[in-house]
Engineer: 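Pasting a structure below so you can have a look.
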Amino acid sequence: MLQQGTGRGTVEQLTDRFRYYLQFERKMSPNTVASYGSDVEIFFAAVQSDPIAMDASVIVDYLADARMSERSQARLLSALRSFFNFLILEKLREDNPCDKVAAPKLGRHIPAVLSVDEVLAILESVDVSSWRGKRDRAILEVLYGCGLRVSEAVTLRISDIFKEEGFLRVIGKGDKQRLVPIGQLALDAIDKYLADRPFSDDILFLNVHGKPLSRISVFNLIKAQAIAAGVNKEISPHTFRHSFATHLIEAGADLRAVQEMLGHESILTTEIYTHIDRATWQRSILDHHPRG
């Protein structure tokens, strides 16, 4: 645990207050709160500096010595920038040392995408002879059919499903609610799962002990089903979300509608899927061009 003193408490105490600020004042997701808090703790445990008096050179030296990818460096800088902004709000500092640190230049990340046939192969590889198999098929149908984040899927409640209207009520990042259309295939899979599920609970997806299914369980499920389906790609629950968005845009869906379904605050985040589509037809043209 961090013990070095500061002018207003230990680093550990400041980090605890920082987490509280992120969760209740900034309304950030539990995942962001956890990762930012962990990054800040690890950084100060390594540098052993007083955050109230520390200057930018400490951050620069740490990044120069640390064996971190550019993406990890960027995440750490984001966490530290938020932390020092918090100290400014608390009137513990007057400046943010991160303002003097150049952020690493990141190329635009193009996520892995499954083809429609690969998605179908994974869905159909699930053995639905048991209630757990029906649950697995249902959660895969929801991840792909609705483009949900895994954190949104595992917290989905039965009372969030409006079958007649064909919508789900989803609690996304920052506790923001949105309505997401759900198709009949996903609804049918949910009905078959609930008909066999041995537990009564409003949380939709439960494990064998009747507790909410964890994100890591969904990750392991997808890995196992990809292998069973013969899909040789590094995929995760988020791959279904990427594939959902890409397939919609390839089929001509409006970018703004996809943005709303995914819960993206910025259209620029959604626009990455147009780049995926563009890369697909670019490869196709070059592969078949007589002067390729």
Side-chain angles (χ1 to χ4, degrees), residues 108-128 133-154 156 161 163 166-168 170 172 178-193 204-205 215 218-264 267 269-289 292:
R108 199 164 197 188
H109 175 61
I110 305 295
V113 176
L114 298 168
S115 69
V116 173
D117 287 343
E118 287 172 330
V119 172
L120 293 178
I122 291 173
L123 291 172
E124 292 170 3
S125 71
V126 180
D127 179 0
V128 294
K134 292 182 177 68
R135 175 204 64 194
D136 294 347
R137 177 65 181 258
I139 197 166
L140 293 177
E141 291 280 6
V142 168
L143 285 171
Y144 176 66
C146 304
L148 301 191
R149 301 176 178 94
V150 65
S151 57
E152 296 168 346
V154 297
L156 196 63
I161 304 171
K163 290 177 60 176
F167 281 95
L168 297 179
V170 176
R178 70 182 190 278
L179 292 177
V180 176
I182 181 170
Q184 195 58 49
L185 288 173
L187 286 172
D188 289 345
I190 290 171
D191 283 343
K192 290 175 182 177
Y193 155 57
L204 179 58
F205 296 113
R215 291 181 301 142
V218 180
F219 181 91
N220 291 335
L221 157 66
I222 287 175
K223 286 283 194 182
Q225 294 308 143
I227 293 170
V231 175
N232 297 314
K233 289 182 177 178
E234 281 295 321
I235 67 171
S236 70
H238 228 60
T239 308
F240 278 75
R241 177 173 163 88
H242 296 321
S243 303
F244 158 84
T246 303
H247 297 164
L248 283 181
I249 291 171
E250 286 176 344
D254 179 74
L255 197 61
R256 291 285 181 185
V258 176
Q259 175 193 3
E260 187 171 341
M261 283 194 68
L262 294 175
H264 288 160
I267 192 70
T269 308
T270 317
E271 196 180 33
I272 191 172
Y273 299 106
T274 66
H275 290 267
I276 296 170
D277 187 26
R278 192 176 305 148
T280 301
W281 59 251
Q282 180 190 42
R283 283 196 305 272
S284 178
I285 289 172
L286 293 179
D287 288 345
H288 296 90
H289 197 283

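As the structure is a prediction and not an experimental result, all values here were calculated from the model.
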Engineer: Name the orientation class of the two ring planes belonging to Tyr193 and Phe205 (parallel below 30°, tilted from 30 to 60°, perpendicular beyond 60°).
Structural biologist: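 Rings of Tyr193 and Phe205: parallel, under 30°.
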Engineer: Are Leu140 and Phe240 packed together at the side-chain level, in the sense that at least one heavy-atom pair is separated by less than 4.5 angstrom?
Structural biologist: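 Contact flag for Leu140/Phe240 side chains = yes.
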Engineer: So, using side-chain contact (heavy atoms from CB on, under 4.5 Å) as the criterion, who are the partners of Lys233 when residues are at least two apart?
Structural biologist: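 Scan of Lys233 (side-chain contact (heavy atoms from CB on, under 4.5 Å), adjacent residues dropped) gives Leu114, Glu118, Val231, Ile235.
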Engineer: Would you indicate whether the side-chain heavy atoms of Lys163 and Ile182 approach each other to under 4.5 Å?
Structural biologist: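 Not touching, per the 4.5 Å side-chain cut-off.
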Engineer: Could you tell me the separation between the OG1 atom of Thr239 and the CZ atom of Phe219, rounded to the nearest 0.5 Å?
Structural biologist: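 The CZ atom of Phe219 is 8.5 Å from OG1 of Thr239, to the nearest 0.5 Å.
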Engineer: Which heavy atom in Arg137 sits nearest to a heavy atom in Val126, and how many Å separate them?
Structural biologist: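 Taking Arg137 first and Val126 second, the nearest heavy atoms are N-CG1, 3.9 Å.
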Engineer: Which residues pass the salt bridge (charged side-chain N to carboxylate O under 4.0 Å, His left out) test with Arg135, not counting sequence neighbours?
Structural biologist: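 By the salt bridge (charged side-chain N to carboxylate O under 4.0 Å, His left out) rule, Arg135 matches no residue at all.
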Engineer: Apply salt bridge (charged side-chain N to carboxylate O under 4.0 Å, His left out) to Lys134 and list each qualifying residue two or more places apart in sequence or on a separate chain.
Structural biologist: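 Lys134 satisfies salt bridge (charged side-chain N to carboxylate O under 4.0 Å, His left out) with Asp196 only.
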Engineer: Before you tell me yes or no, could you show the steps for Val180 and Glu152 under side-chain contact (heavy atoms from CB on, under 4.5 Å), namely the whole-Å CA-CA distance, both residues' side-chain angles and the distance that decides it to 0.1 Å?
Structural biologist: CA-CA 11 Å; Val180 176; Glu152 296 168 346; over 6 Å; no
Engineer: With rounding to the nearest 0.5 angstrom, report the CD1 to CG distance, Ile190 to Leu156.
Structural biologist: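 Those atoms lie 7.0 Å apart.
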Engineer: Looking at Glu141 and Lys192, is there a salt bridge between them, counting it only when a charged N and a carboxylate O are closer than 4.0 Å?
Structural biologist: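 So Lys192 does not pair with Glu141 through a salt bridge.
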Engineer: Looking only at heavy atoms, what is the nearest atom pair of Pro237 and Val218, with distance?
Structural biologist: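 Looking at all heavy atoms of both residues, the closest pair is CG-CG1, 4.0 Å.
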Engineer: CG of Leu204 to CD1 of Ile161: how many Å apart, nearest 0.5 Å?
Structural biologist: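 Leu204 atom CG to Ile161 atom CD1 measures 4.5 Å (nearest 0.5 Å).
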Engineer: If you look at every heavy atom in Ser243 and Val119, which pair is closest and at what distance?
Structural biologist: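 Taking Ser243 first and Val119 second, the nearest heavy atoms are CB-CG2, 4.5 Å.
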Engineer: What is the distance from atom CG of Asp136 to atom CG of Leu123, rounded to the nearest 0.5 Å?
Structural biologist: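 The distance works out to 11.5 Å.
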Engineer: Enter the distance from Ser236:OG to Arg241:CZ here, rounded to the nearest 0.5 Å.
Structural biologist: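 Reported value, rounded in 0.5 Å steps: 11.5 Å.
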Engineer: Which value, rounded to the nearest 0.5 Å, describes the distance between His242 atom NE2 and His247 atom NE2?
Structural biologist: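 Going from the NE2 atom of His242 to the NE2 atom of His247 covers 12.0 Å.
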Engineer: On a heavy-atom basis, which atom in Cys146 and which in Pro181 lie closest, and how many Å separate them?
Structural biologist: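 Scanning both residues, the minimum pair turns out to be SG-O, 3.7 Å.
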Engineer: Quick one: does Ile222's side chain get under 4.5 Å of Ile122's, heavy atoms only?
Structural biologist: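 Not in contact.
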